[in-house]
Number of protein chains: 2
Amino acid sequence: MRQIQSLARGLKILDMLANAHDSISITAVATELQIDKGSASLLLQTLSNYGFAEKDMATRQYRLGPAVVRLSRSLLTKMPLRETAKPFLHQLVRETSECAHLGVLAQGKVLYIDQVESPETLRVNAEVGFTAPLHCTALGKVLLAWGAASIPEELSGYTARTIFDPEVLQMDLEKTRRRGYALDDEEFDYGVRCIASPVFDYRGKVVGALGISGPAARVRLDRIGELSDRVVAIAKALSDKMSFK
Amino acid sequence: MRQIQSLARGLKILDMLANAHDSISITAVATELQIDKGSASLLLQTLSNYGFAEKDMATRQYRLGPAVVRLSRSLLTKMPLRETAKPFLHQLVRETSECAHLGVLAQGKVLYIDQVESPETLRVNAEVGFTAPLHCTALGKVLLAWGAASIPEELSGYTARTIFDPEVLQMDLEKTRRRGYALDDEEFDYGVRCIASPVFDYRGKVVGALGISGPAARVRLDRIGELSDRVVAIAKALSDKMSFK
DNA sequence: ACTTATTGTTGTATATAGTACAACGATTTA
DNA sequence: TAAATCGTTGTACTATATACAACAATAAGT
């Protein structure tokens, strides 16, 4: 596959800047990506000129620039799934009193593209733009179970309940497909349970996943049946609406 | 100023994709940016490989990819101004019943980095990531009046009330500085009035603007005094909090 | 359905543009 | 004050991006 090296390097730098906790130095970029210090300097200058990076004049370090926010808005406002799903997310929150999420597949991970906060919890910090692994989240399992993605070779662990065995995961996915919803039972975050169901387009292809998440104390195992009924029903309603579009 | 050409081209393509209403073709990119068709193809392939662009296999056209959403989230969650301002935005909505916005300077424009919707209006579609010109928005005028940016040479018109004369604008900015808040009286959108006030950091430098906006029928001219009092007071309170950080 | 026109992709040769190296000035650390 | 580290900017060099052209695949037109 042919690539443009310098562009690829620039994009890798953007990724670095996104993953860094605070601003990072030229040399940090150069050593991390194994490129020349001078080259890194030029690349970051170019990114700055277009607003994708920003230079902190005090520390002479770089961070992400405001241009990326513009791009993100442009993408999100143009997603038909997001627009259509909005009222369904609200409905889900009303009916379950839990936080509702909408996710799609993006580069082998779940990308949270919308969220409606529960009235109970003040702030659940899984904002729009958050990405999580597929094998240990309800939204991700949905994408796996209905064939939007295939099981990744590396199943990293997050909690004691995280499924790291591919065969066990395969069984879990089959169960998921049979019952129509996926369950994340504290497999990604301690104390958090999530339930999710697939959203299909007019051809019957999975285009996203819709779900709720809440503290394990409230999303008790004996309530899963009742809650999953709501999730499945609303995901189904959304799918129907997506088909008539 | 030295630049990396191919990276610059890639970033320009991202900008094009953001501004386009729907997906665009390789040739459209090539003609717009005056580059070779083959080069454009390679650039877009590279952007795709890193998730910054996405190819619609059916139409063979490209649109923005999900990676930009991740980047945006990374930037927004790391902005101290945004975190600090959140409760003040809510307070502003509570006290005025209008939609509250938080903006910063980005590439010679105002970038809306946060928003709290009014309980009255169902959906004001100025979401996070929206950019607007400085000279005809309340947030923008604040940034101009307190020296975050200088008056652009091109003052494009949006409504009949848009100020396009630099001298008139200069006078408006002086008035703004004197009274402590900026007013956008249907200068950007017909039927919309906005009031905004500056947010300073610990050195007294403007780092952003805080304001409200609502329908002209509700934000009447005889209520400006009362409303601007709230905006000025809360922006002041936010500035104080920013200083103690 | 056939032709015609347009599109996207992939070779290949050239020369441009990105890279490495080094030296400088500016900061920060000791 | 000295030493070390960092970012920037020159300058060769060669690697790489580019233009051109040919091809395949789709779309449009007759």
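So you know, we letter chains A, B, ... as the sequences are listed, proteins then strands, and number each from 1. Being a predicted model, the structure only gives us computed values, none of them experimental.
Separating the CD1 atom of A/Ile4 from the C1' atom of D/dA19 is a distance of 13 Å, rounded to the nearest angstrom. Per the geometry, CG belonging to B/Leu33 stands 12 Å off P belonging to D/dA19, to the nearest Å.
Near DNA chain C, defined here as any heavy-atom distance below 4.0 Å, there are no residues from residues 9-20 of chain B.
Running 5' to 3' along DNA chain C, contacts with non-hydrogen atoms of chain A at under 4.0 Å begin and end at C/dG11 to C/dT27.
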| task | Starting at the 5' end of nucleotides 8-14 of chain D, put B wherever the base has a protein heavy atom under 4.0 Å, S where only the sugar-phosphate does, and a dash everywhere else. | result | SSBB---

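Ring geometry for B/His135 versus B/Tyr158: interplanar angle of 30 to 60°, hence tilted. Between B/His101 and B/Tyr112, the ring planes lie perpendicular to each other; the angle is over 60°, past the 30° to 60° tilted range.
B/Arg73 contributes atom CZ, which lies 6.0 Å from atom CZ of A/Phe130 (distance to the nearest 0.5 angstrom). The CD atom of A/Glu174 sits 9.5 Å away from atom OG1 of A/Thr176, with the distance rounded to the nearest 0.5 Å. Expressed to the nearest 0.5 Å, how far CD1 of B/Ile163 lies from CG of B/Leu173 amounts to 7.5 Å. Put simply, NZ on A/Lys12 and CE on A/Met16 are 11.5 Å apart, with the number rounded to the nearest 0.5 Å. Taking OH of B/Tyr202 as the start and OG of B/Ser243 as the end, the distance is 10.0 Å to the nearest 0.5 Å.
Between the two ends of the helix from C/dA5-D/dT26 to C/dA30-D/dT1, each summarised by a five-pair axis, the helix axis turns through 50° (rounded to 10 degrees).
The closest donor-acceptor contact from the side chain of A/Ser72 to the backbone of A/Val68 lies at 3.5 Å or more, if one exists at all.
Look at B/Gln5 and you won't find any side-chain N or O under 4.0 angstrom from OP1 or OP2 of D/dA17. Under 4.0 angstrom from either OP1 or OP2 of D/dG7 there lies at least one side-chain N or O belonging to A/Thr27.
Listed by first and then second residue, the salt bridge (charged side-chain N to carboxylate O under 4.0 Å, His left out) pairs involving residues 53-67 of chain B are B/Glu54-B/Arg63, B/Asp56-B/Arg63 (not counting sequence neighbours).
Annotation: side chain to side chain contact (heavy atoms under 4.5 Å, CB included) contacts of B/Ala149 (sequence neighbours excluded): B/Leu105, B/Leu134, B/Leu144.
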| Does the pair B/Lys86 and B/Asp114 meet the rule for a salt bridge (Lys or Arg N to Asp or Glu O under 4.0 Å), with working shown? | CA-CA 8 Å; B/Lys86 197 77 177 181; B/Asp114 211 352; 3.2 Å; yes

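A donor atom on one side chain and an acceptor atom on the other are not found under 3.5 Å apart for A/Lys37 and A/Ser41.
We find that A/Lys141 and A/Asp184 are not joined by a salt bridge, their nearest charged nitrogen and carboxylate oxygen being 4.0 Å or further apart.
Two residues, B/Leu43 and B/Thr59, neighbour DNA chain D, and the one matched to the more 5' nucleotide by heavy-atom proximity is B/Leu43.
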